[in-house]
Amino acid sequence: MILFAAFPGAALEISLTTGSLPGEMEKLSTTKDETVVLRGAATGADLTLLHSLSAEVKTLDLSALSVKGVEMKDGNWFGATGFKDGELPAYMLIGSGIRTLKLPSGLTKIGRGAFNNCASLTKVEFGQSTLAEIPPYAFAGCSRLEEINLPSRIDKVGEHAFENTAVKRISLVNASEIGAYAFAYAESLERIDYSSSCRMGEGAFFGAGALERIVGMAANHPELFSFGAGSEELLKVNASTVGEGAYKGAPAVAIAVGESVKRIEDFAFASMPNLSEVQVTLCSDIPEATVNSFAGIDTSKVTLYVNKGDSTRWKGAPVWNGFRISEDVSIAEAVEVDCTDISIGRSGSAIVVRSATPLTEVSLFSADGKMLSRAAGGTEETSLLFPDGEDMIIVRATADGKVRIAKLIK
C-alpha cells in the first residue's frame, strides 16, 4: 500500500508487511522520486530485490523498517537459504547510485558486500542495533563515502570492508579484529582509534596515504600493516612488532618509536625519502632491528634522539649505532629559559604555545626527562592537552632558532 507519492524530487513512502515488497518493486524500480522511505516489516529475502532500485533514488531510508527472519524454500541467495531477524542480505545494494543510506533499527547482521561499489554513497546512518561485525567488502568501492559512525559494539571489521573509501576518521575502540586490507587505499583516512588488543590483518592500511593518527598502537602489526602510508611529518609507531615493509616509502619526516616496540622487521621503514630523525626517548629497551629495517636510507644523516645519559647504550646497539645519536636537553634539570618571542601558558586542560614567528616544534616531557608527546610546527600558535597521570611537565618550544623551556604544574 502506497501512503504517499509525489512529483520527482519528493519522497516515496511505502508501508510493507512481510512478503509484500515484491509487489511494490515495479514502483521502486521506476520511481523518479529521489527519496524512498520503507516502513513496516520485510524479510531478508524481500530485501534482495532492492538491487533493482531506481537509479533516480538518492536517499534510501530504512530506519523505520523491521527486518524479519525467513527460510527460503526455493533456491538461495549467494549460498544463503534463509535469514535471521535483523539480517540484511549479501550484495543487497551492490552498485546502487544512492547517496544517503539510513539502516534499520534492530540490525544484527549485514551480508558480505551488501553496499559494495556504491560509488555515489556519501553518508551511512546506523540506528539502534546490536550489530557486531562489518563483513568483508561491505563498503568496498564506495569511493565518496566520508561520513559513517559505526555502532560502538562493532567487534570485527572484515577484509577489504572499507577499501577505496573516502572515510576520514573512524572509531573501533571495541573491535578485536580488523581484517586484511580493510582500509586499503582509503586515501582520505586521517585517524583511526582502536584497542591495544586488536588483531590486525595483512595490509590493513595499505596505501592509506593521509593516515596521521593511529590511536591504540600497541596492537600486533603483521606484514604490510600500512605499506606506503603515514603522515607527512610525524609517524608514531607503538606496535610490539613492526612488520615487514610496514611503512616502506612513507613520507614522514620523523618517527616516534613507542615503548611497546620490541622488534622492527626487514624494510619496515625502508626508502622513506624525507626521514631526518627518529625519536626513541620513550624506549626503555632497545628494539631489535635488522640490517634492512631502514634499507635505502643513509642513517648517518638521520638524527636518533635518545634520553640524556643514554648515548653509550644506543651506540653499542647494532643498526642503531649507524645513526647520528643526540641526547635531548636535560629536561629533568631544566629551568625556565627566558625568550620573549615565545609564550607558554595554560587554558583549562590545554597547554597553549604562541610565538612571534612560526613554531618549529613543541615537545612535552615528564619530570624525569621522558618525552610524552610532540607537535610539529608551521603555525604561530598551537595547543596540546596536559598529559594524563602527570602532575608536572616540562614544555620545550622552538621557533626561528630560539628555544623556550617552561615548567607547568597541573
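- Listed here is the closest heavy atom pair of L189 and R169: CD1-N, 4.3 Å.
- For A161, the side chain to side chain contact (heavy atoms under 4.5 Å, CB included) partners at least two apart in sequence or on another chain are I134, V157.
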Apply side-chain contact (heavy atoms from CB on, under 4.5 Å) to the pair E159 and Y181, showing each step before the final yes or no.
CA-CA 6 Å; E159 60 185 29; Y181 302 96; 6.0 Å; no

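- Note: D266 CG to S293 OG = 6.0 Å, rounded to the nearest 0.5 Å.
- With hydrogens and angles disregarded, no donor-acceptor distance shorter than 3.5 Å links the side chain of N174 to the backbone of I154.
- N117 places no side-chain N or O within 3.5 Å of a backbone atom of I94 that could act as its donor or acceptor partner.
- When side chains are defined from C-beta on, P358 counts as touching E380, because their heavy atoms get closer than 4.5 Å.
- Using the six-membered ring where Trp is involved, F183 and F205 have ring planes that are parallel, under 30° apart on the 30 and 60° scheme.
- Residue Q128 places its CD atom among 12 or fewer non-hydrogen atoms of other residues, nucleotides or ligands, all under 6.0 Å distant.
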Derivation of the ring pair (Phe, Tyr, Trp, His ring centres under 6.0 Å) call for F294 and W320:
CA-CA 10 Å; F294 296 88; W320 301 106; 5.7 Å; yes

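- With values rounded to the nearest 0.5 angstrom, E125 atom CD is found 9.0 Å from L101 atom CG.
- Of the possible polar contacts, none joining the S20 side chain to the L16 backbone as a donor-acceptor pair under 3.5 Å is found.
- V352 approaches E381 most closely through the heavy-atom pair CG1-OE2, 3.9 Å.
- Using a cut-off of 4.0 Å between Lys/Arg side-chain N and Asp/Glu carboxylate O, E87 and K84 are scored as not salt-bridged.
- A distance-only check finds no donor-acceptor pair linking the side chain of N292 to the backbone of F267 [under 3.5 Å].
- The OG1 atom of T357 sits 7.0 Å away from the CD1 atom of I342 when rounded to the nearest 0.5 Å.
- In this structure, F83 and T43 have side chains that are not in contact, with every pair of non-hydrogen atoms separated by 4.5 Å or more.
- Minimum interatomic distance between L50 and L38 (heavy atoms only, all atoms of both residues): CD2-CD1, 4.2 Å.
- Considering SG of C142 and CG of N116, their distance stands at 7.0 Å, rounded to 0.5 Å.
- Checking each of F115, Y137, F78 against Y91 for a ring-ring contact (aromatic ring centres under 6.0 Å, His included) leaves exactly one that passes, namely F78.
- Remark: side-chain polar atoms of T108 are paired, donor with acceptor, to backbone N or O of D85 under 3.5 angstrom.
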Working note: L364 + E390, criterion side-chain contact (heavy atoms from CB on, under 4.5 Å); need CA distance, chi angles, decisive distance, verdict.
CA-CA 11 Å; L364 306 184; E390 301 291 334; over 6 Å; no

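- Using modelled atom types and a 3.5 Å distance limit, the side chains of S63 and D61 yield a donor-acceptor pair.
- Residue I110 holds its CD1 atom at 8.5 Å from CE of M92, rounded to the nearest 0.5 Å.
- Among L107, L62, D46, L88, the single residue meeting the side-chain contact (heavy atoms from CB on, under 4.5 Å) criterion with V67 is L88.
- Salt bridge R191/D193: present, at least one basic N to carboxylate O contact under 4.0 Å.
- Taking the side chain as every heavy atom from C-beta outward, F139 and I148 approach each other to under 4.5 Å.
- The shortest non-hydrogen separation linking L65 to A42 is CD1-N, 4.0 Å.
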Assess whether side-chain hydrogen bond (donor to acceptor under 3.5 Å, both in side chains) is satisfied between S120 and R99, documenting all intermediate values.
CA-CA 5 Å; S120 298; R99 296 175 184 171; 5.5 Å; no

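- Between the D33 side chain and the T35 main chain, no donor and acceptor come within less than 3.5 Å of each other.
- Side-chain contact check for T290 versus I264: every heavy-atom pair is 4.5 Å or farther apart.
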Evaluate T31 against E56 for side-chain contact (heavy atoms from CB on, under 4.5 Å), listing each step before the verdict.
CA-CA 7 Å; T31 183; E56 300 295 325; 5.8 Å; no

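- Heavy atoms of other residues, nucleotides or ligands lying less than 6.0 angstrom from NZ of K156 number 12 at most.
- Shown here is R144, whose CZ atom has no more than 12 heavy atoms of other residues, nucleotides or ligands within 6.0 Å.
- At a threshold of 4.5 Å between non-hydrogen side-chain atoms, the residues E146 and T122 do not count as touching.
- The shortest side-chain heavy-atom distance between V395 and V362 falls under the 4.5 Å cut-off.
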Output, in order, the C-alpha distance, side-chain angles, deciding distance and verdict of side-chain hydrogen bond (donor to acceptor under 3.5 Å, both in side chains) for S176 and D155.
CA-CA 5 Å; S176 64; D155 177 66; 2.9 Å; yes

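- Other residues, nucleotides and ligands contribute only 12 or fewer heavy atoms inside 6.0 Å of the CG atom of N149.
- Side-chain atoms of T30 and S54, non-hydrogen and from C-beta on, never get closer than 4.5 Å to each other.
- Taking the side chain as every heavy atom from C-beta outward, L28 and S52 never approach each other to under 4.5 Å.
- The 12-atom threshold is exceeded at CZ of R112, counting heavy atoms of other residues, nucleotides or ligands nearer than 6.0 Å.
- Side chain of T299 to main chain of V302: no donor-acceptor pair is present (N/O by atom type, distance under 3.5 Å, no hydrogens or angles).
- In this structure, A114 and P89 approach most closely via the heavy-atom pair CB-O, 3.8 Å.
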Run the side-chain contact (heavy atoms from CB on, under 4.5 Å) check on K262 and D285 step by step: do they pass?
CA-CA 8 Å; K262 303 302 179 187; D285 298 320; 3.5 Å; yes

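- Of all non-hydrogen atoms in Q279 and A254, the two that sit nearest each other are NE2-CB, 4.3 Å.
- Comment: E288 engages R263 in a salt bridge, judged by a side-chain N to carboxylate O separation of less than 4.0 angstrom.
- Here the SG-CD1 distance, from C198 to I178, works out to 4.0 Å after rounding to the nearest 0.5 Å.
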